[in-house]
Amino acid sequence: MRVYVPITVDLLGQCLSGTWEPRTGYALTPTVLDIAASDDDELLAEQVRDAAAADAVLELGASRRAVVVVDYPRADVEQVVGEHPAAVMLTGRVRADAVACAFVDEPEAEVDGQAAAQGDRDALERLEERDLLWYDVSEISELTAP
């Protein structure tokens, strides 16, 4: 099952370590599919990814939105009832070969990311208007290089 896991940029290197154990993420859950106004899976996946990206700033306090896309065994993913319709709980370690890619804000978004993490709704809206940059799994380690 494809899961979109919010993360901070400084922790991106951990996602390829084979020891990373995120506890929460976002996925195309049955609830999302039931309530969606669209049956376009790509559009829905983008919306789920964007929810995870917002979580990186709002819940993790990241200065830039960052999401790692992981292919999880379905048995290790459980929908969280009463939360966001796409929210899931995760168990187990992420194998390095299960990481598909990452999406990260460009560095120029950091000012808005910091403000959004402090509760500035206008900054969050400006972030949501930005496109997340896509990174192949082979490029993830370069994002955290000094």
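Residues take their numbers from the sequence shown, with the count starting at 1.
Between the CG atom in L28 and the CD atom in E42 there is a gap of 11.0 Å [rounded to 0.5 Å]. Note: L127 CG to L132 CG = 9.0 Å, rounded to the nearest 0.5 Å. Note that SG of C101 and OH of Y135 are 12.0 Å apart. Values are rounded to the nearest 0.5 Å. For the atom pair CG of L60 and CD1 of I7, the computed distance is 8.5 Å after rounding to the nearest 0.5 Å. The line from CG of L124 to CG of D112 is 9.5 Å long, rounded to the nearest 0.5 Å. Taking CG from L58 and CD from Q118, the interatomic distance works out to 11.0 Å, rounded to the nearest 0.5 Å.
The ring pair (Phe, Tyr, Trp, His ring centres under 6.0 Å) pairs that include a residue from residues 44-87 are Y26-H84, where partners are two or more places apart or lie in different chains. Pairs engaging residues 71-90 under the salt bridge (Lys or Arg N to Asp or Glu O under 4.0 Å) rule: R2-D71 [sequence neighbours left out].
There is no side-chain donor-acceptor pair under 3.5 Å between Q14 and T19.
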Which side-chain N or O atoms in residues 102-111 pair as donor and acceptor under 3.5 Å with protein atoms at least two apart or in another chain?
| unit_1 | atom_1 | unit_2 | atom_2 | d |
| --- | --- | --- | --- | --- |
| D105 | OD1 | R65 | NE | 3.3 |
| D105 | OD1 | R65 | NH2 | 2.7 |
| D105 | OD2 | R65 | N | 3.0 |
| D105 | OD2 | R65 | NE | 2.8 |
| E106 | OE2 | R130 | NH1 | 2.5 |
| E110 | OE2 | Q114 | NE2 | 3.4 |

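No donor-acceptor distance shorter than 3.5 angstrom exists from the side chain of D136 to the backbone of E139, with no hydrogens or angles considered. Remark: the backbone N or O of P85 is paired with a side-chain donor or acceptor of T29 at under 3.5 angstrom.
Of all the heavy atoms in A116 and A123, the pair that sits closest is N-CB, 3.7 Å. Across all their heavy atoms, A56 and A66 have their closest contact at CB-O, 3.6 Å. Taking every heavy atom of both residues into account, V99 and C15 meet most closely at CG2-O, 3.4 Å. Heavy-atom minimum distance, A117 versus A62: CB-O, 4.1 Å.
A heavy-atom distance below 4.5 Å is found between the side chains of P30 and Q79. Between T24 and L90, every side-chain heavy-atom pair lies at or beyond the 4.5 Å cut-off.
In the hydrophobic cluster analysis, where Ile, Leu, Val, Met, Phe, Trp and Tyr join through side-chain heavy atoms closer than 4.5 angstrom, V48 is grouped apart from V88. The hydrophobic clustering, which links ILVMFWY residues whose side-chain heavy atoms are closer than 4.5 Å, places V67 and L16 apart. In the hydrophobic cluster analysis, where Ile, Leu, Val, Met, Phe, Trp and Tyr join through side-chain heavy atoms closer than 4.5 angstrom, L133 is grouped together with L143. Residues V57 and Y4 are members of separate hydrophobic clusters, defined by side-chain heavy-atom contacts under 4.5 angstrom among Ile, Leu, Val, Met, Phe, Trp and Tyr. Linking Ile, Leu, Val, Met, Phe, Trp and Tyr residues whenever their side-chain heavy atoms come within less than 4.5 Å leaves V69 and V3 in two separate clusters.
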Item to check | From CA spacing to verdict: side-chain contact (heavy atoms from CB on, under 4.5 Å), L11, W20 | outcome: CA-CA 10 Å; L11 295 179; W20 185 42; over 6 Å; no
Next on the checklist: What verdict does the side-chain contact (heavy atoms from CB on, under 4.5 Å) test give for Q47 and D50, after you've listed the backbone C-alpha separation in whole Å, the side-chain angles of each residue and the deciding distance to 0.1 Å?
Outcome noted: CA-CA 5 Å; Q47 291 170 348; D50 290 349; 5.7 Å; no
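With sequence neighbours excluded, no residue forms a side-chain hydrogen bond (donor to acceptor under 3.5 Å, both in side chains) with D34. Every residue was checked against the side-chain hydrogen bond (donor to acceptor under 3.5 Å, both in side chains) condition with S63, not counting sequence neighbours, and none meets it.
Side-chain contacts under 4.5 Å among hydrophobic residues (ILVMFWY), followed directly or transitively, place M89 together with V80.
E21 CD: more than 12 foreign heavy atoms inside a 6.0 Å radius.
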